[in-house]
Trainee: 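Okay, here's the structure, questions in a sec.
Computed from heavy atoms alone, side chains included, the values below leave out hydrogens, waters and symmetry copies. Numbers restart at 1 for each chain; the letters A, B, ... are given by sequence-line order, proteins then strands. Predicted model only: the values in this text are computed from it and were never measured.
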Amino acid sequence: MTDLKRRLTEAVSAAFTASGLDGTLGRVTVSDRPDLADFQCNGALAAAKAAKANPRALAEQVVARLRDDPRLASVEIAGPGFINMVVTDAELTLRAQEIAADPRLGASVTETPRRVVVDYGGPNVAKPMHVGHLRASIIGESIKRLFRFRGDQVWGDAHFGDWGFQMGLLIVAVGDEQPDLPFLAEGDGPFPTESPVSLADLERLYPIAAGRAKTDTDYRDRARRATALLQGGRPGYRALWRGFVEVSRTALEREFNALDIQFDLWNGESDADPLIPDMVAELEARGLLELDQGARIVRVAQPGDKRELPPLLVVSSEGSAMYGTTDLATILDRRRRLDPDLMLYVVDQRQADHFAQVFRAASLAGYAAEEALEHIGFGTMNGPDGKPFKTREGGVLKLHDLIEMAREKARARLREAGLGAELSSEAFEDTAHKVAVAALKFADLGNFRGTSYVFDIDRFMSFEGKTGPYLLYQSVRIKSVLRKAAEQGVAPGPLLVGEPAERELTLALDAYDTALSEAYAKRAPNLIAEHAYRLAQTFSKFYAACPILVAEDANIRASRLGFAKVTLDQLDSALRLLGIESPDRM
RNA sequence: GCGUCCGUAGCUCAACCGGAUAGAGCACUCGCCUUCUAAGCGAGCGGUUGCAGGUUCGAGUCCUGCCGGACGCGCCA
């Protein structure tokens with residue numbers, strides 16, 4: 001099943017070819033001028049340029065071949081050579097009925113399903129999630145759902161930051177505070193299985209230790225040695241580290257669940273670690289490694305580069321694995337275990353150079369084709385001052401606190417609307433949570449991921465305009481109508497396009513497939529968000545213009561109820577792809 | 001210094017492969033609840049697309065230069 005745009009593209013392309021023109025120029029798009037047409041094709045202009053001909057004359061040839069198309073109410077040439085098309089009500093009726101009958105609500109699947117790993121979230125041991133994690137989690141989750149919905153086999157991997165220098169820092173910090181810990185002893189143990197520190201301890205110690213390591217070289221060297229010993233397998237350090245990982249992960253999973261984010265894999269950086277010695281040996285054997293200032297590196301610069309890309313550091317002068325080493329080993333690990341066609345890294349744009357280095361090294365080593373590795377970068381979330389977001393006190397806002405702030409705003413608004421009396425306290429809390437999550441996610445996914453945006457809690461939580469709560473509201477309103485219809489014994493019937501609002505709604509529903517395939521191609525969930533918003537808005541117009549349950553004619557009543565039903569289904573489908581769930585009432 | 005990205009309405013953001021009259025939301029003004037949730041709908045106001053050149057029938061979009069900003073640039077992740 002294809003959408004109207006694609007069907008018309010086929011027809012217009014055929015007309016171009018039949019006129020002796022390049023068929024690919026027959027691409028049809030939704031009209032820029034809804035007052036003039038439903039769809040348009042600008043191909044005659046491009047064809048004229050290539051052939052040095054008159055665009056209107058070429059358009060005339062093409063249009064002549066389209067005049068008999070029964071699906072078109074009109075085909076006209078406008079301006080310098082735009083081909084404007086208006087679709088008949090009959091064709092729209094047919095399309096509306098198709099979408100209503102389609103379990104996928106008009107969305108197609110990809111022609112060639114792939115095996116895809118989406119690496120996102122990036123939680124770390126000992127670091128509570130903060131607003132900076134919000135984007136990675138929200139965007140990654142949406143991309144994962146989108147790819148899966150389009151038919152790919154997808155694994156979402158949290159890629160847990162449980163390894164590296166930060167672990168050495170924690171060992172030193174904890175050891176300094178509790179020097180009598182059995183874990184610090186050399187030898188094989190046995191060691192306690194209980195963590196000697198709480199998450200709160202780790203969260204308190206880590207920033208202090210990290211700060212000290214920046215200025216205190218002795219301290220830094222101790223942490224580096226601890227890192228090397230941990231990675232070398234010292235049993236006491238390993239046992240202590242396992243405690244860090246456990247207390248951290250428990251808390252992190254709770255937070256992800258609150259945002260309706262689920263990972264298929266919680267592979268830590270430590271899981272890639274066992275592969276490193278063989279990997280290093282192999283890189284060595286292939287002559288890819290070079291000794292430089294005591295470290296072992298892979299040179300990744302290429303001739304065409306505008307600037308020389310620094311080499312990837314594989315083994316530090318201390319003998320430690322680095323960030324890039326782990327990432328490289330992770331690629332190797334995934335290749336062996338999952339053999340993906342594509343790995344997407346949903347990580348802050350600022351790490352673009354790092355991923356370029358790792359991907360090139362992976363390509364050189366033959367671990368993955370460079371096209372199979374993609375960094376899906378996103379911009380930073382800034383405060384109202386345009387600088388990276390901070391609380392009023394200058395600290396980092398924890399994700400947990402952010403969600404609670406949002407929830408509190410949602411509760412207040414729900415109480416205003418009188419929902420407090422209507423719903424049980426459980427249902428009320430559930431609704432407040434859904435509204436809060438929708439507000440946060442839609443505020444983020446409404447923007448293209450690559451651009452930084454201003455994080456403004458009041459604007460986030462405003463329940464008016466282009467916001468998550470607006471979308472939920474439209475969904476809820478439709479559910480309410482459907483409930484009333486069921487009480488009155490009215491059932492949805494065949495969709496009939498007559499009123500302008502019904503035409504518009506059908507065209508909006510038809511645009512779902514394009515929105516999803518574009519979002520998929522560009523890895524850009526904001527296109528889903530935009531579609532959802534446009535659909536909700538178009539429905540709201542329809543709702544105002546076309547009474548449903550009070551319509552005189554029974555067929556029209558059933559048709560409009562059918563429009564309500566299919567709109568709800570597609571809207572909820574789109575929202576699910578954004579990771580947003582709509583409540584029953586609000 | 002080198003590199004990447006960005007500069008669009010008072011504010012926050014769009015603009016599909018270079019196409020028609022640069023669009024939304026917020027804010028502001030005005031209308032609309034004896035119809036299904038007004039968290040809504042309709043209408044209005046608001047623009048020299050940072051500046052200057054160039055290519056083109058046509059430039060927010062491509063090229064050059066300048067101004068302004070964010071970010072990155074081997075032993076943190």
Trainee: Contact class for A:Asp305 (heavy atom, under 4.0 Å): base, sugar-phosphate, or nothing?
Mentor: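 If one applies the 4.0 Å heavy-atom cut-off, A:Asp305 turns out to touch nothing in the nucleic acid.
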
Trainee: Using the P atom as the point on both nucleotides, what is the distance between B:U29 and B:A22, in whole Å?
Mentor: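 So the two P atoms sit 27 Å from each other.
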
Trainee: Can the ring centres of A:Phe539 and A:Phe542 be said to be less than 6.0 Å apart?
Mentor: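 Under 6.0 Å, so yes.
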
Trainee: Hunt down the Watson-Crick or G-U wobble partner of B:U56, both distances under 3.5 Å, from any strand shown, or write none.
Mentor: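 Because no pair has both required distances under 3.5 Å, B:U56 counts as unpaired.
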
Trainee: Between B:A20 and A:Phe82, is there a base-stacking contact, meaning the centre of the base's six-membered ring lies under 5.5 Å from the residue's ring centre while the planes stay under 30° apart?
Mentor: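 Aromatic stack with B:A20 present for A:Phe82.
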
Trainee: Identify whether any heavy atom of A:Asp35 sits under 4.0 Å from a base atom; if not, whether one sits that close to sugar-phosphate; answer base, sugar-phosphate or nothing.
Mentor: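 Base: the residue A:Asp35, judged by heavy atoms under 4.0 Å, touches a nucleobase.
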
Trainee: Hunt down the Watson-Crick or G-U wobble partner of B:C51, both distances under 3.5 Å, from any strand shown, or write none.
Mentor: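 Answer to the pairing question: B:G65, which forms a Watson-Crick or G-U pair with B:C51.
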
Trainee: To the nearest angstrom, how far is A:His354 atom NE2 from B:G3 atom P?
Mentor: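 For the pair A:His354 NE2 and B:G3 P, the rounded distance is 23 Å.
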
Trainee: With distance as the sole criterion, is a donor-acceptor pair present between the side chains of A:Ser582 and A:Asp572 under 3.5 Å?
Mentor: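 Yes - a donor-acceptor pair under 3.5 Å links their side chains.
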
Trainee: Mind checking whether A:Phe244 and A:Tyr206 have ring centres under 6.0 Å apart?
Mentor: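 Ring-ring flag for A:Phe244/A:Tyr206: false, centres at least 6.0 Å apart.
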
Trainee: Please state whether the phosphate of B:C16, meaning OP1 or OP2, lies under 4.0 angstrom from any side-chain nitrogen or oxygen of A:Arg27.
Mentor: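 Checking A:Arg27 against B:C16: no side-chain N or O falls below 4.0 Å of OP1 or OP2.
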
Trainee: Using only modelled atom types and a 3.5 angstrom limit, is any donor from either the side chain of A:Glu416 or the base of B:A39 paired with an acceptor on the other?
Mentor: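 Looking at the base of B:A39, it does not pair with any donor or acceptor on the side chain of A:Glu416 (distance under 3.5 Å).
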
Trainee: Does B:A14 have OP1 or OP2 under 4.0 Å away from a side-chain N or O of A:Thr451?
Mentor: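 Yes, such a contact exists.
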
Trainee: Name the pairing partner of B:A27, where a pair is Watson-Crick or G-U wobble with both distances under 3.5 Å, or state none.
Mentor: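 No nucleotide pairs with B:A27.
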
Trainee: So, for A:Tyr533 and A:Tyr470, is the gap between ring centers shorter than 6.0 Å?
Mentor: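 They qualify: ring centres under 6.0 Å apart.
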
Trainee: Of the nucleotides B:C73, B:C75, B:A39, which one has an atom closest to the side chain of A:Asp353?
Mentor: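 Nearest nucleotide to the side chain: B:C73.
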
Trainee: Could you check whether A:Arg477 makes a cation-pi contact with A:Tyr543, meaning its NZ or CZ is under 6.0 Å from the centre of the six-membered ring and within 45° of the ring axis?
Mentor: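 Output yes; distance and angle both within limits.
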
Trainee: Distance between the P atoms of B:G54 and B:C41, in whole angstroms?
Mentor: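 Looking at atom P only, B:G54 and B:C41 are 46 Å apart.
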
Trainee: Heavy atoms under 4.0 Å, any strand shown: does A:Asp348 hit a base, just sugar-phosphate, or nothing?
Mentor: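 A:Asp348: no heavy atom of the nucleic acid under 4.0 Å.
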
Trainee: Is any side-chain N or O of A:Lys541 closer than 4.0 Å to OP1 or OP2 of B:G42?
Mentor: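 For A:Lys541, the contact criterion (side-chain N or O under 4.0 Å from OP1 or OP2 of B:G42) is met.
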
Trainee: For A:Ala78, which contact category applies under a 4.0 Å heavy-atom criterion: base, sugar-phosphate, or nothing?
Mentor: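 Base: the residue A:Ala78, judged by heavy atoms under 4.0 Å, touches a nucleobase.
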
Trainee: Looking at the base of B:G58, is there any donor atom on it, or on the side chain of A:Lys49, that sits under 3.5 Å from an acceptor on the other one?
Mentor: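 Yes.
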
